[in-house]
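Here the structure is laid out as structure tokens; the discussion comes afterwards.
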Protein chains: 2
Amino acid sequence: MREKPGSAPAVRLKRTPQRLAILEYLEGNTSHPSAEDIFRAVSKKYHSMSFATVYNTLHALTRAGALRELTIDPERKHYDPDTSRHHHLICLACGKIFDVPEAIRVDLPKAMAADFSVVGSHIEFYGHCSPCRNKRKAP
Amino acid sequence: MREKPGSAPAVRLKRTPQRLAILEYLEGNTSHPSAEDIFRAVSKKYHSMSFATVYNTLHALTRAGALRELTIDPERKHYDPDTSRHHHLICLACGKIFDVPEAIRVDLPKAMAADFSVVGSHIEFYGHCSPCRNKRKAP
DNA sequence: ATAAATGCAAAGCATTTGCAGTAAA
DNA sequence: TTTACTGCAAATGCTTTGCATTTAT
């Protein structure tokens with residue numbers, strides 16, 4: 001089961017320095033970091049940072065609709081500060097996640113459209129990015 | 001990082017009764033069970049069944065290309081015995097996963113097509129199945 | 001003041017692994 | 001007989017939680 005979008009509770013979020021640091025790291029970040037990536041990056045400036053705070057902030061931001069949780073990598077969750085409709089490409093060699101601007105509009109086949117109300121969709125592309133493709137050719 | 005498809009090792013699989021029971025349960029199953037679902041179902045007949053064996057079998061079948069691991073549910077993996085190209089729909093209310101026959105062919109935007117070689121793609125639809133829609137109206 | 005956030009450690013789950021015994025081949 | 005599989009238990013890794021303390025409002 002997953003979090004229902006649009007059900008942001010009316011909680012006032014406190015602007016703590018830890019949260020601001022996480023927000024700053026996330027701002028415009030297109031690397032789709034995991035919680036650990038975020039923890040490591042922010043810890044450099046903030047030695048007292050804890051995982052609990054990272055997860056707490058991530059959840060708060062997700063609930064507030066400012067962040068999107070990605071369930072692409074079977075090993076761990078990744079976080080995307082870009083909440084606009086777009087898709088992703090995962091390199092099978094290096095594991096990096098890339099943005100794919102939505103230009104593609106997908107619809108349910110007519111036969112199913114009557115039985116489901118679709119709220120959103122997400123495409124995952126699997127393939128190889130050029131650095132990894134080149135590594136293959138010249139090892 | 002994820003398992004590269006098509007790299008099935010040349011290991012001879014043994015047809016143990018446990019594996020056959022798991023295979024039988026999976027055969028034609030469209031419920032997209034989790035490892036625990038499978039464990040519970042097969043345990044009824046097979047009291048000695050262990051999780052290690054379930055996971056072991058699941059990996060073996062996945063490596064052999066007879067099974068597809070789904071990374072849709074953030075909580076746990078689900079398994080799909082249908083390895084043909086198709087997509088999925090997840091009900092946001094009940095969490096059930098439904099098959100969406102591929103009829104939709106998606107391509108990378110031209111701008112990216114030069115930088116990636118795409119091996120496959122998978123669409124996840126989010127919405128509500130009719131039972132859940134009806135429950136909403138009449139609670 | 002007061003409600004929420006932090007940080008630590010412990011707990012929770014899903015999944016993996018080591019290994020001795022067991023059973024296909 | 002050889003090689004793989006089973007099942008148990010312990011270990012791992014990501015994520016969550018409880019709680020006393022601190023901090024933003």
Side-chain angles (χ1 to χ4, degrees), chain A residues 1-3 8-25 32-64 66-79 95 97, chain B residues 1-3 8-25 32-64 66-79 95 97:
Chain A
M1 198 90 52
R2 61 185 62 212
E3 195 93 34
V11 234
R12 58 165 85 257
L13 296 191
K14 285 186 181 175
R15 326 193 116 256
T16 67
Q18 291 90 334
R19 288 192 167 174
L20 293 172
I22 292 176
L23 274 168
E24 187 188 3
Y25 172 70
H32 306 86
S34 65
E36 197 187 333
D37 295 331
I38 296 166
F39 173 77
R40 271 211 307 272
V42 179
S43 289
K44 283 178 189 166
K45 298 252 167 186
Y46 246 92
H47 282 235
S48 69
M49 178 68 57
S50 77
F51 261 101
T53 298
V54 170
Y55 279 112
N56 167 14
T57 299
L58 258 18
H59 291 155
L61 292 175
T62 303
R63 263 182 276 123
L67 206 56
R68 190 166 147 197
E69 264 187 29
L70 300 182
T71 309
I72 296 183
D73 178 352
E75 313 304 321
R76 68 195 104 274
K77 288 177 189 165
H78 291 257
Y79 296 87
I97 301 170
Chain B
M1 195 93 46
R2 65 184 59 213
E3 194 94 32
V11 234
R12 60 166 82 254
L13 296 190
K14 285 186 180 172
R15 327 192 116 259
T16 68
Q18 291 88 336
R19 287 193 168 173
L20 293 173
I22 292 174
L23 274 168
E24 188 189 1
Y25 173 70
H32 306 88
S34 65
E36 197 188 332
D37 294 332
I38 296 166
F39 173 76
R40 272 211 305 270
V42 180
S43 289
K44 283 177 189 168
K45 298 253 167 186
Y46 246 94
H47 282 236
S48 68
M49 177 70 55
S50 76
F51 260 101
T53 298
V54 171
Y55 279 112
N56 168 13
T57 299
L58 258 18
H59 292 155
L61 292 176
T62 303
R63 261 181 278 124
L67 206 57
R68 190 166 147 197
E69 263 186 33
L70 300 182
T71 309
I72 295 182
D73 179 351
E75 313 305 322
R76 65 195 103 263
K77 288 177 190 162
H78 291 256
Y79 296 86
I97 301 171

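Below, chains carry the letters A, B, ... as their sequence lines are ordered, and counting in each starts from 1.
Across all non-hydrogen atoms, the minimal contact from Leu58(B) to Thr62(B) is O-OG1, 2.6 Å. Contact record, Asp37(A) with Tyr25(A): O-OH, 4.2 Å, taken as the closest heavy-atom pair. Residue Val54(B) comes nearest to Ile38(B) through the heavy atom pair CG1-CG2, 4.2 Å, listed as atom of the first residue, atom of the second, then distance.
Per the geometry, CZ belonging to Arg15(A) stands 13 Å off P belonging to dA5(C), to the nearest Å. Arg63(B) places its CZ atom 13 Å from the C1' atom of dT16(C), with the value rounded to the nearest Å. To the nearest angstrom, C1' of dC13(C) lies 14 Å from CZ of Arg40(B). Note: NE2 (His47(B)) to C1' (dG7(D)) measures 16 Å, nearest angstrom. Separating the OH atom of Tyr46(B) from the C1' atom of dT22(C) is a distance of 13 Å, rounded to the nearest angstrom. If you measure from atom CD1 of Ile22(A) to atom P of dT6(C), you get 7 Å, rounded to the nearest angstrom. Put simply, CG on Leu58(B) is 15 Å from P on dA14(C), counting in whole angstrom units. The CG atom of Leu13(B) sits 15 Å away from the C1' atom of dT6(D) (whole-angstrom rounding).
Side chains of Leu20(B) and Arg15(B) form a contact here, defined as non-hydrogen atoms less than 4.5 Å apart. Side-chain contact between Leu70(A) and Arg68(A) is present, with at least one heavy-atom pair separated by less than 4.5 Å. Between Met49(B) and Lys44(B), every side-chain heavy-atom pair lies at or beyond the 4.5 Å cut-off. Here the side chains of Leu61(B) and Leu23(B) are in contact, with some heavy-atom distance below 4.5 Å.
Side-chain nitrogen and oxygen atoms of Ser48(A) include at least one within less than 4.0 Å of the OP1 or OP2 phosphate oxygen of dG7(C). The side chain of Gln18(B) contributes no N or O atom lying less than 4.0 Å from OP1 or OP2 of dA23(C). Within the 4.0 Å cut-off from OP1 or OP2 of dA24(D), not a single side-chain nitrogen or oxygen of Arg19(A) is found. Side-chain nitrogen and oxygen atoms of Thr53(A) include none within less than 4.0 Å of the OP1 or OP2 phosphate oxygen of dA5(C).
With the end axes of the helix from dA1(C)-dT25(D) to dA14(C)-dT12(D) each set by five pairs, the angle from one to the other reads 30° at 10° resolution.
Although no hydrogens or angles enter the test, the distance criterion places a donor-acceptor pair under 3.5 Å between the side chain of His78(B) and the main chain of His32(B).
Side-chain proximity of Ser50(A) to the nucleotides dA24(D), dT25(D), dC8(C) is greatest for dC8(C). Comparing dG7(D), dA4(C), dT6(D) against the side chain of Met49(B) picks out dG7(D) as the nearest.
With no hydrogens or angles considered, no side-chain donor-acceptor pair links Asn56(A) and Thr53(A) at under 3.5 Å.
Between Lys14(B) and Asn56(A), the one whose closest nucleotide on DNA chain C sits nearer the 5' end is Asn56(A).
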Short heteroatom pairs, N/O only, protein and nucleotides 10-16 of chain D, under 3.5 Å:
unit_1  : atom_1 : unit_2   : atom_2 : d
dC14(D) : OP1    : Arg76(A) : NH1    : 2.9
dT15(D) : OP1    : Lys77(A) : N      : 2.9
dT15(D) : OP2    : Tyr55(A) : OH     : 2.5
dT15(D) : O5'    : Tyr55(A) : OH     : 3.1
dT16(D) : OP2    : His59(A) : NE2    : 2.8

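Screening Tyr79(B), Tyr46(B), Phe51(B), Tyr55(B) for a ring-ring contact (aromatic ring centres under 6.0 Å, His included) involving Phe39(B) leaves a single residue, Phe51(B).
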